[in-house]
Asker: 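This is the structure, below, for whatever I ask next.
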Amino acid sequence: MGPRRRGSKRSNWGRCVALEIWFRLATLASMKLGFEDSQTPYASGSQSARAWTEAWVKAWAYCPHCGSARMSQFPNNSPVADFLCGSCSEEFELKSQKVRFGPKVADGAYKTKCERLAASNNPNLLLMNYDLKTLAVVNLLIVPKHFFVRDIIEERKPLAATARRAGWIGSNILLGKVPESGKIHIVRNGVIRDKELVLAEWQKTLFLRSESLESRGWLLDVMKCVESLGKRDFTLDEVYAFERHLGDLYPGNQNVRPKIRQQLQYLRDRGFIEFLSRGNYRLKS
């Protein structure tokens, strides 16, 4: 056995770092924001936009759950989902439009949406904004399916008797009720975010999937209260200030403060927040 080379660990470490940097740069470089088939003619602008955005997701979007580089597309007019990850079976629904999405996002049939809330194949939501001048993606964010509870699905009025689908009842997704941690950007303002950051943000809230829809509702509401404080360090008394608000959301619960403490303890145990000292917490970045 020959003499051991000095510096071999250091050189191996250097190669690992270089490889990681190369991988990250390659990941960013491989995603193109332009619509490649933008010259393909369609009967209407909406048909063109749908074809362009779906083709882009199929070609460039990766699965935020497992990191797989490609997703396959469901046949047109599938009841809820548009895309499937062949590696982990996560499903995704795509919504796209020219302007940023507001607090409400129009969605499909209300009954179907509610029925799939508790299903294992309930789809995650992809929201895309695009620019018609540059024919490119401007924003792409994901709302993971574990942020969907009954309270963020709004029933729309039935279509009028004169409508082609008279009596059909659609739904709205109340995006404004989703905590910021449930809005994960892949592309923000035309800038592609680091894939590793996106995957880490996704993993951070996966613990919600182990909870029932009812339990998840309380957790999401407390998470939103904490995030609305607008700072990382916060106190129990500051969260208690939302007692009336939470009491209005859950009128059957007469012990709101103990319930708040219970949710904070759970979020601490799952690594979403950090306990600093008695009555003092920190929201983990």
Asker: Roughly how far, to the nearest 0.5 Å, is the CD atom of Glu90 from the CG atom of Asn121?
Answerer: 10.0 Å
Asker: For Ser72, enumerate each residue passing the side-chain hydrogen bond (donor to acceptor under 3.5 Å, both in side chains) test, keeping only those at least two apart in sequence or located in another chain.
Answerer: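 If we apply the side-chain hydrogen bond (donor to acceptor under 3.5 Å, both in side chains) test to Ser72, skipping adjacent residues, there are no hits.
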Asker: With sequence neighbours left out, write down each residue that passes salt bridge (charged side-chain N to carboxylate O under 4.0 Å, His left out) with Glu238, or none if nothing qualifies.
Answerer: Lys231
Asker: Enter the distance from Met128:CE to Glu54:CD here, rounded to the nearest 0.5 Å.
Answerer: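 Going from the CE atom of Met128 to the CD atom of Glu54 covers 9.5 Å.
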Asker: Excluding sequence neighbours, so at least two apart, what forms salt bridge (charged side-chain N to carboxylate O under 4.0 Å, His left out) with Arg261?
Answerer: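 Here no residue qualifies.
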Asker: Checking Asn253 now: which residues fulfil side chain to side chain contact (heavy atoms under 4.5 Å, CB included) with it, not counting sequence neighbours?
Answerer: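 In terms of side chain to side chain contact (heavy atoms under 4.5 Å, CB included), with neighbours along the sequence ignored, Asn253 is linked to Trp218, Tyr250, Asn255, Val256, Lys259.
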Asker: Look up atom NZ in Lys224 and atom NZ in Lys177, then write down how far apart they are to the nearest 0.5 Å.
Answerer: 10.0 Å
Asker: In Å, rounded to the nearest 0.5 Å, how long is the span from CZ of Phe242 to OG of Ser228?
Answerer: 3.5 Å
Asker: Are the side chains of Gln265 and Phe275 in touch, meaning some heavy atoms are under 4.5 Å apart?
Answerer: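 SC-SC contact between Gln265 and Phe275 ruled out.
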Asker: With a cut-off of 6.0 Å (strictly less than), are more than 12 heavy atoms of other residues, nucleotides or ligands near NZ of Lys95?
Answerer: yes
Asker: Can you list the residues that meet the side-chain hydrogen bond (donor to acceptor under 3.5 Å, both in side chains) rule with Glu91, with sequence neighbours excluded?
Answerer: Arg116
Asker: Who passes side-chain hydrogen bond (donor to acceptor under 3.5 Å, both in side chains) against Glu154, sequence neighbours left out?
Answerer: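 Only Lys104, Asn172 meet the side-chain hydrogen bond (donor to acceptor under 3.5 Å, both in side chains) criterion with Glu154.
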Asker: Phe147 vs Ile184, test: side chain to side chain contact (heavy atoms under 4.5 Å, CB included). Steps then yes/no.
Answerer: CA-CA 12 Å; Phe147 282 87; Ile184 304 173; over 6 Å; no
Asker: Check Asp107 with Lys113, please: is the shortest side-chain N to carboxylate O separation under 4.0 Å?
Answerer: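 Yes, this pair counts.
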Asker: With Tyr110, which residues qualify under side-chain hydrogen bond (donor to acceptor under 3.5 Å, both in side chains), at least two apart?
Answerer: Arg150
Asker: Is Val226 reachable from Ile152 through a run of hydrophobic residues whose side-chain heavy atoms are each under 4.5 Å from the next?
Answerer: yes
Asker: Does Glu211 have any salt bridge (charged side-chain N to carboxylate O under 4.0 Å, His left out) partners at least two apart in sequence or in another chain, and if so, which?
Answerer: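 By the salt bridge (charged side-chain N to carboxylate O under 4.0 Å, His left out) rule, Glu211 matches no residue at all.
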Asker: Restricting to salt bridge (charged side-chain N to carboxylate O under 4.0 Å, His left out), what partner residues turn up for Arg268, sequence neighbours left out?
Answerer: none
Asker: Please determine whether side chain to side chain contact (heavy atoms under 4.5 Å, CB included) holds for the pair Phe83 and Cys63, giving the CA-CA distance in whole Å, both sets of side-chain angles, and the decisive distance to 0.1 Å.
Answerer: CA-CA 10 Å; Phe83 294 91; Cys63 175; over 6 Å; no
Asker: Do we get Lys204 above Phe272's six-membered ring, with its NZ or CZ under 6.0 Å from the centre and within 45° of the axis?
Answerer: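 Ring-cation test returns yes.
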Asker: Taking distance alone, no hydrogens or angles, what donor-acceptor pairs closer than 3.5 Å link side-chain atoms of residues 160-167 to residues at least two apart or in another chain?
Answerer:
none

Asker: Charged N to carboxylate O below 4.0 Å: is that the case for Lys183 and Glu227?
Answerer: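 Looking at Glu227 together with Lys183, the answer is no, because their closest N to O distance does not fall below 4.0 Å.
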Asker: Under 4.5 Å between side-chain heavy atoms, counting indirect links through other Ile/Leu/Val/Met/Phe/Trp/Tyr residues: same cluster for Leu174 and Val178 or not?
Answerer: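 Both belong to a single hydrophobic cluster.
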Asker: Report whether Trp60 and Leu125 are members of the same hydrophobic cluster (ILVMFWY, side-chain heavy atoms less than 4.5 Å apart, transitive linking).
Answerer: no
Asker: Taking C-beta and beyond as the side chain, do His245 and Cys225 meet within less than 4.5 Å on heavy atoms?
Answerer: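 When only atoms from C-beta onward are counted, Cys225 and His245 do touch, with a gap below 4.5 Å.
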Asker: Sequence neighbours excluded, which residues qualify as ring pair (Phe, Tyr, Trp, His ring centres under 6.0 Å) partners of Phe234?
Answerer: Tyr281
Asker: May I ask you to decide if Lys32's main-chain N or O and Trp56's side chain share a donor-acceptor pair within less than 3.5 Å?
Answerer: yes
Asker: Do Leu220 and Asp151 come close enough that some side-chain heavy atom pair is under 4.5 Å?
Answerer: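 No, too far: nothing below the 4.5 Å cut-off.
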Asker: Show the atom names and distances, to 0.1 Å, of all donor-acceptor pairs under 3.5 Å that link a side chain in residues 134-145 to residues at least two apart or in another chain.
Answerer:
{"from": "Asn139", "atom 1": "OD1", "to": "Asn189", "atom 2": "N", "distance (Å)": "2.7"}
{"from": "Lys145", "atom 1": "NZ", "to": "Ser120", "atom 2": "O", "distance (Å)": "2.4"}

Asker: Find out whether Lys58 and Leu94 are in side-chain contact, i.e. whether some heavy atom of one side chain is under 4.5 Å from a heavy atom of the other.
Answerer: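 No, their side chains stay 4.5 Å or more apart.
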Asker: Do Trp202 and Leu199 come close enough that some side-chain heavy atom pair is under 4.5 Å?
Answerer: no
Asker: Would a 4.5 Å heavy-atom cut-off, applied to side chains only, mark Tyr62 and Ile186 as touching?
Answerer: yes
Asker: Taking Ile273's backbone N and O only, do any of them form a donor-acceptor pair with Arg282's side chain (distance below 3.5 Å, no angle check)?
Answerer: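 No; zero donor-acceptor contacts below 3.5 Å.
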Asker: What distance separates Leu219 CG from Leu267 CG, expressed to the nearest 0.5 Å?
Answerer: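 CG of Leu267 is found 5.5 Å from CG of Leu219.
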Asker: Within this structure, what is the CZ-CZ distance for the pair Phe207 and Arg216, rounded to the nearest 0.5 Å?
Answerer: 11.0 Å
Asker: Do Phe35 and Thr53 come within less than 4.5 Å of each other through their side chains, counting heavy atoms only?
Answerer: yes
Asker: With a 4.5 Å heavy-atom cut-off, do Leu276 and Glu274 have their side chains touching?
Answerer: yes
